[in-house]
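This report refers to the structure that appears directly beneath it.
Every heavy atom of this structure was used, including side-chain atoms; hydrogens, water molecules and symmetry mates were not. Values in this document were obtained by computation on a predicted structure and should not be read as measured data. The chains referred to below are lettered A, B, ... by the order of the sequence lines, with proteins before strands, and numbering in each begins at 1.
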Protein chains: 2
Amino acid sequence: MKLITRDTDYALRAICKIAKEKGKVLSVKELTGLTKVPGPYLRKILQRLNKAGVLISHKGTGGGFKLARGKVNTRLFDLIVIFQGHFKLNECFFKKEKCPDTGTCPLKKRIDKIEKNVIKELKEITIASLLR
Amino acid sequence: MKLITRDTDYALRAICKIAKEKGKVLSVKELTGLTKVPGPYLRKILQRLNKAGVLISHKGTGGGFKLARGKVNTRLFDLIVIFQGHFKLNECFFKKEKCPDTGTCPLKKRIDKIEKNVIKELKEITIASLLR
DNA sequence: AACAAATGATACTATTATGGTATCATTAAC
DNA sequence: GTTAATGATACCATAATAGTATCATTTGTT
Ligand code: FES
Ligand code: FES
């Protein structure tokens with residue numbers, strides 16, 4: 001039902017805070033203060049964003065995370081993919097046992113259409129556009 | 001992430017089968033055969049549909065469920081509401097602890113817009129339109 | 001060189017949501 | 001009165017989510 005999970009939401013918040021401090025490296029501790037997200041949990045999220053190339057991490061004293069070059073243009077859609085895997089609104093519940101109606105299923109077609117629209121809109125929401 | 005839960009999906013399938021047998025009363029046993037949904041689970045679902053007025057149940061020997069008058073026009077949106085509660089794509093994850101940014105949150109506005117579109121489309125998908 | 005402050009990696013735990021089952025009561029046909 | 005169905009509800013099992021803990025690694029500071 002919900003488009004955005006907690007991970008994605010927290011990630012988005014953290015990225016926005018980081019993006020506002022253009023170029024500055026923020027530690028998990030600082031970000032916990034800013035976002036109210038539990039420290040270790042936030043850390044895990046930031047690590048994933050680092051792996052995904054959205055953030056760049058710096059270890060050691062004074063370390064933390066900053067936004068990678070050009071990544072203010074990261075789209076909400078990208079974050080969803082990072083944290084929630086492939087984007088699919090219409091997983092057929094027969095998929096495991098081989099759906100008897102694949103191809104003919106009229107519902108699938110309708111949901112697919114909705115999905116396309118949603119994806120398009122999620123791609124228009126960028127970090128940059130949220131900062132304004 | 002997924003728009004439709006298992007309940008809703010199963011409900012939809014069952015209703016479609018019932019709608020095809022115009023007026024005929026189908027028992028859970030018969031519907032289990034037609035839909036491959038586990039009996040007792042399907043039963044619970046059908047009971048909810050009965051309470052919601054989409055189906056009409058008949059107890060006793062030869063009993064079962066049939067479609068209520070005019071309910072071929074039930075919309076997918078209605079089913080989602082019945083099984084998944086109010087439709088909200090954008091639950092703020094701070095809702096419990098009182099969101100600090102309500103009102104100003106730019107994300108909320110964007111998701112609300114998406115939500116409106118999705119709802120509109122879900123209201124266009126009726127049982128009748130799926131039978132064709 | 002030693003220490004401290006940070007992240008990397010990963011394993012663990014707790015909580016909640018989901019999917020499904022079981023049981024007993026009630027109703028209606030024969 | 002017996003049987004075949006649903007009504008209502010409580011229960012259980014599994015999986016997903018949210019969050020914690022720990023140890024290793026890197027880096028700045030003294
Ligand atoms: S029933 Fe499998 S795709 Fe619709
Ligand atoms: S942060 Fe609460 S509505 Fe967006």
Side-chain angles (χ1 to χ4, degrees), chain A residues 1-11 13-14 18 24-33 35-68 80 82-85 88 91 93-97, chain B residues 1-11 13-14 18 24-33 35-68 80 82-85 88 91 93-97:
Chain A
M1 178 89 136
K2 59 175 118 53
L3 222 43
I4 293 172
T5 63
R6 208 179 207 86
D7 298 291
T8 308
D9 187 72
Y10 287 175
R13 287 169 204 233
I18 292 170
K24 197 180 157 199
V25 170
L26 294 174
S27 71
V28 171
K29 201 189 278 183
E30 292 170 300
L31 285 167
T32 303
T35 62
K36 311 298 178 205
V37 174
Y41 191 32
L42 180 58
R43 192 169 150 201
K44 212 163 53 170
I45 289 170
L46 296 170
Q47 285 180 357
R48 285 181 84 173
L49 289 170
N50 175 46
K51 273 190 189 164
V54 176
L55 299 180
I56 291 177
S57 72
H58 292 275
K59 293 171 113 179
T61 307
F65 299 83
K66 71 175 188 189
L67 203 58
I80 291 178
I82 292 171
F83 290 98
Q84 307 173 215
K88 261 281 152 225
E91 304 273 30
F93 285 105
F94 275 136
K95 66 172 183 279
K96 281 168 201 164
E97 334 142 16
Chain B
M1 177 89 135
K2 58 175 117 57
L3 222 45
I4 293 174
T5 63
R6 199 175 282 268
D7 298 291
T8 309
D9 186 71
Y10 286 174
R13 287 170 205 233
I18 291 170
K24 197 179 155 198
V25 170
L26 293 174
S27 71
V28 171
K29 202 190 278 182
E30 291 170 299
L31 285 167
T32 304
T35 61
K36 312 297 178 205
V37 174
Y41 191 33
L42 180 58
R43 191 169 151 202
K44 212 163 53 169
I45 290 170
L46 295 170
Q47 286 179 357
R48 286 181 83 174
L49 289 170
N50 175 47
K51 273 191 188 160
V54 176
L55 299 180
I56 290 176
S57 73
H58 292 276
K59 291 171 114 178
T61 307
F65 298 83
K66 69 175 187 188
L67 203 58
I80 291 177
I82 292 171
F83 290 98
Q84 308 173 214
K88 261 282 152 223
E91 304 272 30
F93 286 104
F94 275 134
K95 66 175 187 276
K96 281 167 201 165
E97 334 142 16

Heavy-atom closest pair, residues B:Val28 and B:Arg43: CG2-CG, 3.9 Å
Nearest heavy atoms of A:Glu30 and A:Val25, plus distance in Å: OE1-O, 3.9 Å
Interatomic spacing from CZ in B:Phe83 to OG1 in B:Thr5 - rounded to 0.5 Å: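 Reported to 0.5 Å precision, the distance equals 8.0 Å.
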Reported CG-to-OG1 distance for the pair B:Leu42 and B:Thr32, which is rounded to 0.5 angstrom: 5.0 Å
Quiz item: B:Thr61 side-chain donor-acceptor pair to D:dT3 base, under 3.5 Å: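 When only heavy-atom distances are counted, B:Thr61 does reach the base of D:dT3 through a donor-acceptor pair under 3.5 Å.
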Donor-acceptor pair present, B:Lys51 side chain and D:dG7 base, under 3.5 Å: no
Could you state the atom-to-atom distance from [atom1] of [X] to [atom2] of [N] in whole Å?
X: B:Asp9; N: C:dT18; atom1: CG; atom2: C1'; answer: 15 Å
X: B:Phe65; N: C:dA28; atom1: CZ; atom2: C1'; answer: 15 Å
X: B:Leu26; N: D:dT6; atom1: CG; atom2: P; answer: 10 Å
X: A:Ile56; N: C:dG8; atom1: CD1; atom2: P; answer: 12 Å
X: B:Leu49; N: D:dA8; atom1: CG; atom2: C1'; answer: 16 Å
X: A:Ile45; N: D:dT17; atom1: CD1; atom2: C1'; answer: 12 Å
X: A:Tyr41; N: D:dT17; atom1: OH; atom2: P; answer: 9 Å
X: A:Arg48; N: C:dG8; atom1: CZ; atom2: P; answer: 14 Å

A:Arg48 side chain vs A:Ile82 backbone, donor-acceptor pair below 3.5 Å: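 At least one qualifying donor-acceptor pair exists.
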Is the distance from OP1 or OP2 of [N] to the nearest side-chain N or O of [X] less than 4.0 Å?
X: A:Asn50; N: C:dG8; value: yes
X: B:Gln47; N: D:dG7; value: yes
X: B:Arg43; N: D:dT6; value: no
X: B:Ser57; N: D:dG7; value: yes

Counting heavy atoms from C-beta on, name the nucleotide in [options] closest to the side chain of [X].
X: B:Lys44; options: C:dG20, D:dT20, C:dG8; result: C:dG20
X: B:Val28; options: C:dT21, D:dA18, D:dT6; result: D:dT6
X: A:Lys59; options: D:dT25, D:dT20, C:dA4; result: D:dT25
X: A:Arg6; options: D:dA18, C:dG20, C:dG8; result: D:dA18
X: B:Tyr10; options: D:dT20, C:dG20, D:dA5; result: C:dG20

Upstream residue (5' side of DNA chain C) when B:Thr5 and A:Lys29 are each assigned their closest nucleotide: A:Lys29
5' priority, DNA chain D, between A:Gly39 and B:Ser27 [closest heavy atom]: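 With B:Ser27 and A:Gly39 compared, the 5'-side residue is B:Ser27.
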Touch class at under 4.0 angstrom, heavy-atom based, for A:Gly60 against every strand present: base
Touch class at under 4.0 angstrom, heavy-atom based, for A:Pro40 against every strand present: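 Base contact.
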Enclosure of B:Lys88 NZ (heavy-atom neighbours >12, cutoff 6.0 Å): yes
